Undergrad: 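Would you mind keeping the following structure in view while I ask a few things?
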Amino acid sequence: MSELVEPILDWYDAHARDLPWRREGASAWSVMVSEFMLQQTPVVRVLPVHEAWLERWPTPADLAAESSGEAVRAWGRLGYPRRALRLHAAAVAIVEEHAGVVPDSYDVLLALPGVGDYTAAAIASFAYRQRHVVLDTNVRRVLGRTVSGVEFPARSVTKAERLVAAELLPADAPTAATWSVAVMELGALVCTADRPRCESCPVVTLCAWHGAGRPAYDGPARTVQTYAGTDRQCRGRLLAVLRDAPGSVPKTQLDAAWDLADQRERCLASLLADGLVVEAGDGRYALP
DNA sequence: GAAGCGTGGCG
DNA sequence: TCGCCAAGCTT
(Lines give C-alpha, C1' and ligand atoms only; values in the text may rest on other atoms or scores of the structure.)
Protein backbone atom coordinates (compact mmCIF):
# COMPACT_ATOMS: atom_id res chain seq x y z
CA MET A 1 0.00 0.00 0.00
CA SER A 2 1.29 3.42 -0.90
CA GLU A 3 2.16 5.64 2.03
CA LEU A 4 -0.45 8.08 0.74
CA VAL A 5 -3.35 5.78 1.46
CA GLU A 6 -3.51 5.58 5.24
CA PRO A 7 -3.18 9.32 5.96
CA ILE A 8 -5.89 10.12 3.42
CA LEU A 9 -8.22 7.43 4.76
CA ASP A 10 -7.66 8.75 8.29
CA TRP A 11 -8.23 12.31 7.16
CA TYR A 12 -11.48 11.32 5.46
CA ASP A 13 -12.65 9.54 8.58
CA ALA A 14 -12.20 12.75 10.52
CA HIS A 15 -13.27 15.35 7.97
CA ALA A 16 -15.78 13.82 5.56
CA ARG A 17 -18.91 15.87 5.00
CA ASP A 18 -22.17 14.29 6.05
CA LEU A 19 -23.93 14.03 2.68
CA PRO A 20 -27.29 12.28 2.21
CA TRP A 21 -26.04 9.91 -0.48
CA ARG A 22 -23.14 8.82 1.73
CA ARG A 23 -25.22 7.88 4.74
CA GLU A 24 -25.67 4.36 5.96
CA GLY A 25 -28.72 2.96 4.21
CA ALA A 26 -28.65 5.41 1.30
CA SER A 27 -30.06 3.58 -1.72
CA ALA A 28 -28.15 2.91 -4.91
CA TRP A 29 -30.72 5.14 -6.60
CA SER A 30 -29.86 7.96 -4.22
CA VAL A 31 -26.20 7.52 -5.11
CA MET A 32 -27.00 7.41 -8.81
CA VAL A 33 -29.13 10.57 -8.67
CA SER A 34 -26.37 12.35 -6.77
CA GLU A 35 -23.76 11.34 -9.36
CA PHE A 36 -25.85 12.71 -12.21
CA MET A 37 -26.49 15.96 -10.37
CA LEU A 38 -22.87 16.35 -9.34
CA GLN A 39 -21.61 16.18 -12.91
CA GLN A 40 -20.22 19.72 -13.12
CA THR A 41 -22.43 21.11 -10.37
CA PRO A 42 -21.26 21.96 -6.82
CA VAL A 43 -22.49 19.96 -3.82
CA VAL A 44 -24.21 22.90 -2.12
CA ARG A 45 -26.47 23.44 -5.07
CA VAL A 46 -27.22 19.75 -5.48
CA LEU A 47 -28.27 19.13 -1.87
CA PRO A 48 -31.81 20.61 -1.89
CA VAL A 49 -32.67 19.32 -5.35
CA HIS A 50 -31.44 15.83 -4.52
CA GLU A 51 -33.53 15.77 -1.37
CA ALA A 52 -36.70 16.85 -3.18
CA TRP A 53 -36.00 14.41 -6.01
CA LEU A 54 -35.66 11.40 -3.70
CA GLU A 55 -38.73 12.47 -1.79
CA ARG A 56 -40.79 12.59 -4.97
CA TRP A 57 -39.19 9.68 -6.76
CA PRO A 58 -37.80 7.22 -4.18
CA THR A 59 -37.12 4.56 -6.83
CA PRO A 60 -36.23 4.47 -10.52
CA ALA A 61 -39.73 3.18 -11.24
CA ASP A 62 -41.29 6.25 -9.66
CA LEU A 63 -39.35 8.52 -11.98
CA ALA A 64 -39.86 6.30 -15.01
CA ALA A 65 -43.62 6.54 -14.51
CA GLU A 66 -43.53 10.31 -15.05
CA SER A 67 -42.94 12.31 -18.19
CA SER A 68 -39.39 13.39 -18.91
CA GLY A 69 -40.60 16.99 -18.74
CA GLU A 70 -41.31 16.58 -15.04
CA ALA A 71 -37.70 15.52 -14.57
CA VAL A 72 -36.54 18.62 -16.44
CA ARG A 73 -38.79 20.80 -14.31
CA ALA A 74 -37.63 19.23 -11.05
CA TRP A 75 -34.03 19.63 -12.19
CA GLY A 76 -34.52 23.33 -11.63
CA ARG A 77 -31.46 25.47 -12.13
CA LEU A 78 -28.79 22.83 -11.66
CA GLY A 79 -27.65 23.43 -15.22
CA TYR A 80 -27.02 21.09 -18.15
CA PRO A 81 -30.68 19.98 -18.22
CA ARG A 82 -29.92 17.23 -20.70
CA ARG A 83 -28.71 15.39 -17.60
CA ALA A 84 -32.30 15.37 -16.34
CA LEU A 85 -33.45 13.87 -19.59
CA ARG A 86 -30.74 11.23 -19.43
CA LEU A 87 -31.47 10.40 -15.81
CA HIS A 88 -35.10 9.89 -16.74
CA ALA A 89 -34.10 7.73 -19.69
CA ALA A 90 -31.78 5.75 -17.45
CA ALA A 91 -34.65 5.17 -15.01
CA VAL A 92 -36.81 3.89 -17.86
CA ALA A 93 -34.03 1.55 -18.97
CA ILE A 94 -33.56 0.31 -15.41
CA VAL A 95 -37.26 -0.51 -15.17
CA GLU A 96 -37.50 -2.10 -18.60
CA GLU A 97 -34.22 -3.98 -18.67
CA HIS A 98 -33.11 -4.43 -15.08
CA ALA A 99 -36.30 -5.11 -13.12
CA GLY A 100 -36.21 -1.65 -11.58
CA VAL A 101 -32.93 -2.27 -9.76
CA VAL A 102 -29.94 0.03 -10.27
CA PRO A 103 -27.37 -2.27 -11.89
CA ASP A 104 -24.29 -3.18 -9.85
CA SER A 105 -22.12 -4.01 -12.85
CA TYR A 106 -19.76 -1.37 -14.21
CA ASP A 107 -20.36 -2.49 -17.80
CA VAL A 108 -24.12 -2.53 -17.42
CA LEU A 109 -24.07 0.88 -15.77
CA LEU A 110 -21.88 2.22 -18.55
CA ALA A 111 -24.54 1.31 -21.09
CA LEU A 112 -27.14 3.53 -19.40
CA PRO A 113 -27.87 6.98 -20.84
CA GLY A 114 -25.76 9.68 -19.26
CA VAL A 115 -23.40 7.23 -17.58
CA GLY A 116 -19.77 7.45 -18.62
CA ASP A 117 -16.63 5.94 -17.17
CA TYR A 118 -16.57 8.11 -14.07
CA THR A 119 -20.26 7.70 -13.17
CA ALA A 120 -20.26 3.94 -13.74
CA ALA A 121 -17.20 3.52 -11.53
CA ALA A 122 -18.64 5.85 -8.91
CA ILE A 123 -21.99 4.06 -8.65
CA ALA A 124 -20.36 0.63 -8.53
CA SER A 125 -17.93 1.86 -5.89
CA PHE A 126 -20.10 4.02 -3.67
CA ALA A 127 -23.40 2.18 -3.90
CA TYR A 128 -22.09 -1.37 -4.10
CA ARG A 129 -18.66 -1.09 -2.46
CA GLN A 130 -16.84 -2.56 -5.43
CA ARG A 131 -13.24 -1.95 -6.45
CA HIS A 132 -12.90 0.37 -9.45
CA VAL A 133 -10.57 3.15 -10.50
CA VAL A 134 -12.62 6.31 -9.97
CA LEU A 135 -11.06 9.15 -11.93
CA ASP A 136 -12.80 12.47 -11.60
CA THR A 137 -11.35 15.94 -11.72
CA ASN A 138 -10.62 15.89 -7.97
CA VAL A 139 -8.79 12.58 -8.02
CA ARG A 140 -6.83 13.61 -11.08
CA ARG A 141 -5.74 16.85 -9.45
CA VAL A 142 -4.77 15.23 -6.14
CA LEU A 143 -2.75 12.47 -7.80
CA GLY A 144 -1.28 14.92 -10.28
CA ARG A 145 0.07 17.01 -7.44
CA THR A 146 1.06 14.40 -4.89
CA VAL A 147 2.45 11.79 -7.27
CA SER A 148 3.43 13.62 -10.44
CA GLY A 149 4.25 17.04 -9.04
CA VAL A 150 2.08 18.99 -11.47
CA GLU A 151 -0.48 21.55 -10.43
CA PHE A 152 -3.10 20.53 -12.97
CA PRO A 153 -3.69 17.33 -14.93
CA ALA A 154 -3.88 17.09 -18.71
CA ARG A 155 -7.10 17.82 -20.57
CA SER A 156 -8.05 14.22 -20.89
CA VAL A 157 -7.20 11.15 -18.86
CA THR A 158 -3.88 9.60 -19.86
CA LYS A 159 -2.80 5.98 -19.62
CA ALA A 160 -0.15 6.99 -17.12
CA GLU A 161 -2.75 8.59 -14.87
CA ARG A 162 -4.94 5.54 -14.99
CA LEU A 163 -1.94 3.38 -14.14
CA VAL A 164 -1.03 5.52 -11.14
CA ALA A 165 -4.60 5.44 -9.88
CA ALA A 166 -4.82 1.68 -10.36
CA GLU A 167 -1.60 1.10 -8.45
CA LEU A 168 -2.76 3.20 -5.51
CA LEU A 169 -6.16 1.53 -5.30
CA PRO A 170 -6.32 -0.66 -2.16
CA ALA A 171 -6.76 -4.38 -2.87
CA ASP A 172 -9.73 -4.79 -0.57
CA ALA A 173 -12.93 -3.74 -2.37
CA PRO A 174 -14.72 -1.78 0.36
CA THR A 175 -11.48 -0.07 1.31
CA ALA A 176 -10.91 0.82 -2.32
CA ALA A 177 -14.37 2.39 -2.48
CA THR A 178 -13.68 4.47 0.63
CA TRP A 179 -10.28 5.43 -0.73
CA SER A 180 -11.87 6.76 -3.90
CA VAL A 181 -14.38 8.95 -2.10
CA ALA A 182 -11.66 10.04 0.33
CA VAL A 183 -9.37 11.30 -2.44
CA MET A 184 -12.29 13.07 -4.07
CA GLU A 185 -13.16 14.71 -0.77
CA LEU A 186 -9.56 15.80 -0.25
CA GLY A 187 -9.61 17.38 -3.69
CA ALA A 188 -12.91 19.10 -2.99
CA LEU A 189 -12.01 20.50 0.43
CA VAL A 190 -8.22 20.84 0.62
CA CYS A 191 -6.39 20.15 -2.62
CA THR A 192 -8.57 22.59 -4.52
CA ALA A 193 -7.86 23.97 -7.96
CA ASP A 194 -7.68 27.51 -6.67
CA ARG A 195 -5.80 28.33 -3.46
CA PRO A 196 -5.15 24.82 -2.16
CA ARG A 197 -5.01 24.59 1.61
CA CYS A 198 -1.72 22.73 1.83
CA GLU A 199 -1.38 23.62 5.52
CA SER A 200 -4.38 21.38 6.19
CA CYS A 201 -3.31 18.52 3.95
CA PRO A 202 -2.62 15.13 5.53
CA VAL A 203 -0.03 14.23 2.89
CA VAL A 204 1.70 17.56 2.43
CA THR A 205 5.05 16.04 3.43
CA LEU A 206 4.65 13.39 0.74
CA CYS A 207 3.41 15.71 -1.98
CA ALA A 208 5.69 16.02 -5.01
CA TRP A 209 4.20 19.34 -6.09
CA HIS A 210 4.49 20.89 -2.65
CA GLY A 211 7.98 19.47 -2.23
CA ALA A 212 9.03 21.12 -5.47
CA GLY A 213 7.88 24.50 -4.18
CA ARG A 214 4.44 24.44 -5.78
CA PRO A 215 5.72 25.30 -9.27
CA ALA A 216 3.24 27.25 -11.38
CA TYR A 217 1.33 25.41 -14.05
CA ASP A 218 3.16 25.65 -17.37
CA GLY A 219 1.10 23.38 -19.61
CA PRO A 220 -1.23 24.38 -22.43
CA ALA A 221 -3.74 27.08 -21.56
CA ARG A 222 -6.81 25.73 -19.85
CA THR A 223 -9.80 26.79 -21.89
CA VAL A 224 -12.40 28.86 -20.14
CA GLN A 225 -15.90 28.63 -21.45
CA THR A 226 -17.54 31.92 -22.23
CA TYR A 227 -21.16 32.22 -21.29
CA ALA A 228 -22.71 35.64 -21.65
CA GLY A 229 -24.39 35.95 -25.02
CA THR A 230 -23.83 32.31 -25.97
CA ASP A 231 -26.33 29.79 -27.25
CA ARG A 232 -25.93 28.12 -23.90
CA GLN A 233 -27.26 31.15 -22.10
CA CYS A 234 -30.01 31.60 -24.65
CA ARG A 235 -31.12 28.00 -24.27
CA GLY A 236 -31.12 28.43 -20.52
CA ARG A 237 -33.37 31.46 -20.77
CA LEU A 238 -35.84 29.73 -23.07
CA LEU A 239 -35.98 26.63 -20.93
CA ALA A 240 -36.45 28.69 -17.77
CA VAL A 241 -39.62 30.18 -19.28
CA LEU A 242 -41.02 26.69 -19.84
CA ARG A 243 -39.91 25.41 -16.46
CA ASP A 244 -41.65 28.24 -14.68
CA ALA A 245 -44.89 27.86 -16.63
CA PRO A 246 -47.47 25.30 -15.48
CA GLY A 247 -48.31 24.15 -18.99
CA SER A 248 -47.52 25.25 -22.50
CA VAL A 249 -46.59 28.80 -23.45
CA PRO A 250 -47.19 30.78 -26.64
CA LYS A 251 -44.23 31.50 -28.88
CA THR A 252 -44.47 35.18 -28.03
CA GLN A 253 -43.52 34.39 -24.46
CA LEU A 254 -40.34 32.69 -25.65
CA ASP A 255 -39.64 35.57 -28.00
CA ALA A 256 -39.68 37.92 -25.04
CA ALA A 257 -36.94 35.92 -23.33
CA TRP A 258 -34.18 36.69 -25.85
CA ASP A 259 -33.68 39.67 -28.13
CA LEU A 260 -31.70 38.29 -31.06
CA ALA A 261 -34.19 36.48 -33.26
CA ASP A 262 -31.67 34.42 -35.23
CA GLN A 263 -30.01 33.06 -32.16
CA ARG A 264 -33.33 32.52 -30.42
CA GLU A 265 -34.69 30.45 -33.29
CA ARG A 266 -31.51 28.43 -33.54
CA CYS A 267 -31.59 27.68 -29.83
CA LEU A 268 -35.26 26.75 -29.84
CA ALA A 269 -34.56 24.37 -32.70
CA SER A 270 -31.70 22.78 -30.81
CA LEU A 271 -33.84 22.40 -27.68
CA LEU A 272 -36.48 20.68 -29.79
CA ALA A 273 -33.83 18.44 -31.33
CA ASP A 274 -32.52 17.57 -27.87
CA GLY A 275 -35.99 16.64 -26.69
CA LEU A 276 -35.93 19.28 -23.96
CA VAL A 277 -38.84 21.12 -25.57
CA VAL A 278 -41.82 19.91 -27.59
CA GLU A 279 -44.31 21.68 -29.78
CA ALA A 280 -47.69 21.74 -28.09
CA GLY A 281 -49.63 22.72 -31.19
CA ASP A 282 -51.22 26.05 -32.03
CA GLY A 283 -47.79 27.68 -31.98
CA ARG A 284 -47.26 26.78 -28.35
CA TYR A 285 -44.34 25.09 -26.67
CA ALA A 286 -43.91 22.98 -23.55
CA LEU A 287 -41.62 20.67 -21.65
CA PRO A 288 -41.80 17.09 -22.96
C1' DG B 1 -9.86 14.92 -29.58
C1' DA B 2 -12.22 19.08 -29.44
C1' DA B 3 -16.45 21.34 -28.99
C1' DG B 4 -20.88 21.95 -27.01
C1' DC B 5 -23.74 21.82 -23.16
C1' DG B 6 -26.08 25.76 -17.60
C1' DT B 7 -25.69 28.00 -13.60
C1' DG B 8 -24.25 30.53 -9.60
C1' DG B 9 -20.73 31.66 -6.15
C1' DC B 10 -16.51 33.56 -4.99
C1' DG B 11 -12.19 36.54 -4.66
C1' DT C 1 -16.23 43.57 -11.96
C1' DC C 2 -15.61 39.37 -14.16
C1' DG C 3 -12.56 35.46 -14.81
C1' DC C 4 -12.50 31.10 -12.94
C1' DC C 5 -14.37 27.11 -11.29
C1' DA C 6 -17.76 22.86 -9.83
C1' DA C 7 -18.14 14.55 -8.58
C1' DG C 8 -18.72 14.69 -17.05
C1' DC C 9 -21.16 13.00 -21.09
C1' DT C 10 -22.06 12.92 -25.94
C1' DT C 11 -21.12 13.67 -30.65
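Below, each value reflects all heavy atoms present in this structure, side chains not excepted, and no hydrogens, waters or symmetry copies. Owing to the predicted nature of the structure, the values given are computational and were not obtained by experimental measurement. A, B, ... follow the sequence lines: proteins, then strands. Residue 1 opens every chain.
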Undergrad: Taking the same atom, C1', in B:dG8 and in C:dT1, what whole-Å distance lies between them?
TA: 15 Å
Undergrad: Which whole-number value in Å describes the distance from A:Leu78 CG to B:dC5 P?
TA: 19 Å
Undergrad: Does A:Glu265 have more than 12 heavy atoms from other residues, nucleotides or ligands lying within 6.0 Å of its CD?
TA: yes
Undergrad: Using a 4.0 Å heavy-atom cut-off, write out nucleotides 3-11 of chain C from 5' to 3' as B (base contacted by protein), S (sugar-phosphate only) or - (no contact).
TA: -SSBBBSS-
Undergrad: Report the distance from atom CG of A:Leu239 to atom P of B:dG6, rounded to the nearest whole Å.
TA: 8 Å
Undergrad: Reckon A:Arg195 has a side-chain N or O less than 4.0 Å from the OP1 or OP2 of B:dG11?
TA: no
Undergrad: Check this for me, if you would: do A:Glu185 and A:Arg22 make a salt bridge, where the nitrogen-to-carboxylate-oxygen distance has to be below 4.0 angstrom?
TA: yes
Undergrad: Given atom CZ of A:Arg77 and atom P of B:dT7, what is their separation to the nearest angstrom?
TA: 5 Å
Undergrad: Starting at atom CZ of A:Arg155, determine the distance to atom P of B:dG4, rounded to an integer number of angstrom.
TA: 13 Å
Undergrad: May I ask you to say whether A:Glu35 pairs ionically with A:Arg83, meaning some side-chain N is under 4.0 Å from a carboxylate O?
TA: no
Undergrad: Suppose clustering is done on Ile, Leu, Val, Met, Phe, Trp and Tyr with side-chain heavy atoms closer than 4.5 Å. Which residues sit in the same group as A:Leu272?
TA: A:Val72, A:Leu85, A:Leu238, A:Leu239, A:Val241, A:Leu242, A:Val249, A:Leu254, A:Leu268, A:Leu271, A:Leu276, A:Val277, A:Tyr285, A:Leu287
Undergrad: Expressed in whole Å, how much space separates the P atoms belonging to C:dA7 and B:dC5?
TA: 22 Å
Undergrad: Would you mind reporting whether A:Trp179 and A:Leu169 have side-chain heavy atoms less than 4.5 Å apart?
TA: yes
Undergrad: Taking A:Asp255 first and then A:Arg264, would you say they form a salt bridge - that is, a charged N and a carboxylate O separated by under 4.0 Å?
TA: yes
Undergrad: Quick one: on DNA chain B, does A:Ala240 or A:Ser156 contact a more 5' nucleotide (nearest heavy atom)?
TA: A:Ser156
